[in-house]
Student: 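Just dropping this structure here.
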Amino acid sequence: MSKQRVLSGVQPTGNLHLGNYLGAIRNWVEIQQQYDNFFCVVDLHAITVPHDRATLADNTYKVAALYLACGIDLAYSTIFIQSHIPAHSELTWLLNCITPLNWLERMIQFKEKALKQGENVGVGLLDYPVLMAADILLYDTDKVPVGEDQKQHLELTRDIAVRVNDQFGSKDKPVLKLPDPLIRTEGARVMSLTDGTSKMSKSDPSEMSRINLLDPPEAIAKKIKRCKTDPVKGLEFDNPERPECNNLLTLYGLLSGKPKSEVAIECQDMGWGQFKPLLTETTIEALKPIQEKYQMIMSDRDYLKSILRDGRQKAEAVANETLARVKSAFGYSTPL
Ligand code: TYM
């Protein structure tokens with residue numbers, strides 16, 4: 001039996017942080033041997049908020065290099081750049097025309113981001129989840145490993161696929177495959193270092209709120225030293241009164257590889273003065289091999305580009321086949 005297919009992606013906006021790693025990329029690495037995987041750098045999504053044309057291309061390569069540095073293995077996975085495959089934009093248009101506007105207006109991420117942009121909010125931001133649905137549906141994807149914040153977008157992707165199948169397919173011959181989200185419980189929602197009730201995010205104006213994968217040891221030490229805690233001695237998971245404590249213990253567990261039960265016992269009598277240096281050391285050690293590998297990959301751009309060229313060819317063959325299937329189901333003539 002052939003392997004099930006996985007697809008996921010990260011936007012090349014800002015620096016990738018521990019939320020992106022623990023909520024998404026680390027999980028891709030862990031499951032990749034069981035699946036046929038496609039990981040894209042979603043640079044079309046990156047322009048749904050104002051972007052800098054001087055850094056877009058470079059940031060896109062950097063994210064691809066980070067995928068490899070984190071352990072994505074080309075023996076199991078294909079890495080490519082979303083904008084290099086026109087089928088992503090074309091399927092988005094087709095899906096736009098069958099997606100009700102009010103489905104998109106309901107999206108939490110749209111509402112949050114639109115609020116930040118005020119009057120200037122672009123159509124692309126509203127359309128973001130349709131482009132994401134196109135990314136997923138083009139590859140007949142079975143599983144989509146993401147952080148918890150993307151759950152609603154995946155539900156929408158399924159709703160769009162069902163609508164296409166209802167309108168243009170038949171029971172025994174659906175046009176699109178329905179994907180399932182793959183959201184791990186631990187690490188699915190890494191919280192800010194300055195506020196344990198809000199998500200760690202690239203768009204938070206404060207650098208102190210997040211640890212980036214490429215932060216040098218001094219920056220990691222400084223951020224953890226200054227991060228928000230509470231005056232209670234003895235550390236514990238799952239106390240709703242202590243969101244920062246839960247978040248920092250979770251980070252320690254995930255980065256050290258120790259199970260939650262072990263961390264709970266190890267830290268139950270600790271004060272912050274003892275825990276913070278431990279978390280600092282653990283974070284620096286966990287990120288060190290990623291940072292070293294990243295530097296190696298970035299020093300050979302030709303190699304990176306050749307990987308992305310191969311990736312594009314492989315991905316494009318799959319994407320074009322699905323696009324042709326959808327266009328035919330919609331009633332289009334085949335190109336002459
Ligand atoms: P992006 O770049 O915003 O996030 C990339 C991944 O990181 C996860 N993530 C987090 N996980 C845990 N805690 C956090 N604080 C945290 N912050 C971010 C996100 O859930 C995501 O998995 N819309 C996608 C990009 C995308 C995509 C796709 C994903 C475009 N097309 C197709 C899957 C399939 C996103 O959120 O990018």
Side-chain angles (χ1 to χ4, degrees), residues 5-29 31 37-49 51 59-60 62-64 66-67 70 80-83 85 88-89 91-92 95 107-110 112-113 124-125 127-158 160-161 179-204 209-213 243 246-247 250-251 254-255 315 319:
R5 189 162 290 156
V6 154
L7 179 131
S8 198
V10 172
Q11 301 182 72
T13 43
N15 292 312
L16 300 206
H17 51 67
L18 281 182
N20 301 128
Y21 179 59
L22 298 173
I25 304 174
R26 178 190 61 121
N27 302 330
W28 307 352
V29 172
I31 62 169
N37 313 277
F38 287 85
F39 297 119
C40 55
V41 185
V42 291
D43 55 348
L44 295 172
H45 281 99
I47 66 163
T48 56
V49 291
H51 79 284
N59 282 344
T60 303
K62 284 181 181 166
V63 173
L66 268 173
Y67 287 179
C70 288
F80 67 97
I81 296 174
Q82 183 193 36
S83 69
I85 302 188
H88 288 249
S89 307
L91 183 62
T92 302
L95 300 181
M107 293 293 114
I108 298 164
Q109 197 164 302
F110 169 70
E112 284 174 356
K113 288 193 183 172
L125 193 63
D127 208 24
Y128 178 116
V130 182
L131 176 59
M132 180 164 163
D135 297 340
I136 296 167
L137 298 171
L138 269 179
Y139 296 87
D140 288 331
T141 302
D142 296 285
K143 300 271 188 274
V144 187
V146 282
E148 199 187 68
D149 59 342
Q150 294 305 303
K151 199 168 166 217
Q152 195 187 30
H153 288 162
L154 284 173
E155 283 159 9
L156 180 91
T157 301
R158 288 176 64 93
I160 292 174
D180 287 312
L182 210 62
I183 301 174
R184 294 262 298 258
T185 27
E186 282 177 1
R189 197 168 167 80
V190 173
M191 309 310 276
S192 156
L193 294 185
T194 48
D195 174 5
T197 61
S198 71
K199 197 183 72 168
M200 185 177 285
S201 154
K202 292 177 207 153
S203 60
D204 190 316
S209 68
R210 59 184 162 262
I211 292 174
N212 301 314
L213 296 189
N246 188 62
N247 189 44
T250 304
L251 287 181
L254 291 172
L255 293 169

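As a basis for the values below, the full set of heavy atoms in this structure was taken, side chains included, without hydrogen atoms, waters or symmetry mates. Indexing begins at 1, ligand by ligand and atom by atom, following the structure's order. Small disclaimer: the values here were computed from a predicted structure and weren't measured.
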Student: Counting heavy atoms only, which part of Cys40 comes closer than 4.0 Å to ligand 1: side chain, backbone, both or neither?
Tutor: neither

Student: Identify the protein heavy atom lying closest to atom 31 (N) of ligand 1, giving its residue, its atom name and the separation to 0.1 Å.
Tutor: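 Going atom by atom, the protein heavy atom closest to atom 31 (N) of ligand 1 ends up being Asp135 OD2, 2.6 Å.
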
Student: Are side-chain heavy atoms of Thr194 and Arg210 found at a separation under 4.5 Å?
Tutor: no

Student: For atom 3 (O) of ligand 1, what's the nearest protein heavy-atom neighbour? Residue, atom name and distance, please.
Tutor: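 Going atom by atom, the protein heavy atom closest to atom 3 (O) of ligand 1 ends up being Gln11 NE2, 3.3 Å.
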
Student: Which word best sums up how the rings of Trp28 and Tyr67 line up, parallel for under 30°, tilted for 30 to 60°, or perpendicular for over 60°?
Tutor: perpendicular

Student: Looking only at heavy atoms, is any part of Arg189 under 4.0 Å from ligand 1, and if so is it the side chain, the backbone, or both, or is it neither?
Tutor: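 Under 4.0 Å from ligand 1, Arg189 contributes backbone atoms alone.
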
Student: Quick one: which of Leu7, Ile136, Asn20 has a heavy atom closest to atom 18 (C) of ligand 1?
Tutor: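 Minimum heavy-atom distance to atom 18 (C) of ligand 1 goes to Asn20.
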
Student: At less than 4.0 angstrom from any non-hydrogen atom of Val10, what atoms of ligand 1 do you find?
Tutor: 2 (O), 5 (C)

Student: Looking only at distance, does Val144 have an N or O less than 3.5 Å from an N or O of ligand 1?
Tutor: no

Student: Which protein non-hydrogen atom lies closest to atom 25 (C) of ligand 1, naming both residue and atom, and how far is it?
Tutor: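 Checking every protein heavy atom, the shortest distance to atom 25 (C) of ligand 1 gives Gly9 O, 3.6 Å.
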
Student: Is there side-chain contact between Arg26 and Leu254, with heavy atoms separated by less than 4.5 Å?
Tutor: yes

Student: What do you reckon, does Lys202 put a non-hydrogen atom under 4.0 Å from ligand 1?
Tutor: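 Contact check Lys202 vs ligand 1: positive.
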
Student: Decide yes or no for His51 and Thr13: does some side-chain heavy atom of the first lie under 4.5 Å from some side-chain heavy atom of the second?
Tutor: no

Student: I want to check something: taking the side chain as every heavy atom from C-beta on, are Leu22 and Leu255 in contact at a cut-off of under 4.5 Å?
Tutor: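 A side-chain contact exists here, since the closest heavy-atom pair is under 4.5 Å.
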
Student: Nearest 0.5 Å please: distance from the CD1 atom of Ile25 over to the CG atom of Leu66.
Tutor: 6.5 Å

Student: Starting from atom 12 (C) of ligand 1, which protein heavy atom do you reach first, and at what distance in Å?
Tutor: Ala188 O, 3.1 Å

Student: In terms of atom number and element, which parts of ligand 1 are under 4.0 angstrom from non-hydrogen atoms of Gly23?
Tutor: 11 (N), 12 (C)

Student: Measure the spacing between CD of Glu155 and CZ of Arg158 and express it to the nearest 0.5 Å.
Tutor: 9.0 Å

Student: Between Pro129, Ala134, Gly19, Ser198, which one has a non-hydrogen atom sitting closest to atom 11 (N) of ligand 1?
Tutor: Gly19

Student: Starting from atom 24 (C) of ligand 1, what is the nearest protein heavy atom, named by residue and atom, and what distance separates them?
Tutor: Tyr128 OH, 3.4 Å

Student: Which of the atoms in ligand 1, numbered in the order shown and given with their element, are less than 4.0 Å from a heavy-atom of Ala24?
Tutor: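 Selected atoms, number and element: 6 (C), 7 (O), 22 (O).
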
Student: Atom CE of Met132 and atom CD1 of Ile160: how far apart are they, to the nearest 0.5 Å?
Tutor: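 One finds 10.5 Å between CE of Met132 and CD1 of Ile160.
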
Student: Would you say Glu148 has any N or O atom under 3.5 Å from an N or O of ligand 1, going by distance alone?
Tutor: no

Student: Within the structure, does Asp149 bring an N/O atom to less than 3.5 angstrom of an N/O atom in ligand 1?
Tutor: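 Yes, at least one N or O pair falls under 3.5 Å.
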
Student: Taking heavy atoms and a distance under 4.0 Å, where does Gln82 meet ligand 1: side chain, backbone, both or neither?
Tutor: neither

Student: Do me a favour and list the nearest non-hydrogen protein atom to atom 22 (O) of ligand 1 with residue, atom name and distance?
Tutor: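 Its nearest protein heavy-atom neighbour is Gly147 N, 3.1 Å.
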
Student: Taking non-hydrogen atoms only, is Ser8 closer than 4.0 angstrom to ligand 1 via side chain, backbone, both or neither?
Tutor: both

Student: Taking the side chain as every heavy atom from C-beta outward, state whether Leu251 and Val190 have any pair of such atoms under 4.5 Å apart.
Tutor: yes

Student: Checking side-chain contact (heavy atoms from CB on, under 4.5 Å) for the pair Phe39/Val10: CA distance, chi angles, key distance, verdict?
Tutor: CA-CA 8 Å; Phe39 297 119; Val10 172; over 6 Å; no

Student: Please state whether the rings of His88 and Tyr139 are parallel, tilted or perpendicular, taking 30° and 60° as the class boundaries.
Tutor: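 Geometry flag for Tyr139 against His88: tilted rings.
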
Student: Considering only protein heavy atoms, which is closest to atom 13 (N) of ligand 1, and at what distance to one decimal place?
Tutor: Val190 N, 2.8 Å

Student: Has ligand 1 got any nitrogen or oxygen that is less than 3.5 angstrom from a nitrogen or oxygen of Lys199?
Tutor: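 N/O-N/O distance below 3.5 Å does not exist for this pair.
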
Student: May I ask you to check whether Gln150 has an N/O atom sitting below 3.5 Å from an N/O atom of ligand 1?
Tutor: yes

Student: Pull out every atom of ligand 1 sitting under 4.0 Å from any heavy atom of Gly187, numbered as shown with elements.
Tutor: 12 (C)

Student: Decide yes or no for Ser209 and Asp195: does some side-chain heavy atom of the first lie under 4.5 Å from some side-chain heavy atom of the second?
Tutor: no

Student: Quick check: do Asp180 and Val144 have side-chain heavy atoms less than 4.5 Å from each other?
Tutor: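 No. Closest side-chain heavy atoms not under 4.5 Å.
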
Student: Flag the pair Tyr128 / Met107 as yes when at least one side-chain heavy-atom distance between them is below 4.5 Å, and no otherwise.
Tutor: no

Student: Within this structure, what is the NE2-CD distance for the pair His153 and Gln109, rounded to the nearest 0.5 Å?
Tutor: 4.5 Å

Student: Taking 4.0 Å as the limit for heavy-atom contacts, which would you say applies to His17 with ligand 1: side chain only, backbone only, both, or neither?
Tutor: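 For His17, the contact with ligand 1 is made by the side chain alone.
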
Student: Please classify the Val146 to ligand 1 contact at 4.0 Å (heavy-atom distances, strictly less than): side chain, backbone, both or neither.
Tutor: both

Student: Are any of the N/O atoms on Pro145, whether in the backbone or the side chain, positioned under 3.5 angstrom from an N/O atom of ligand 1?
Tutor: no

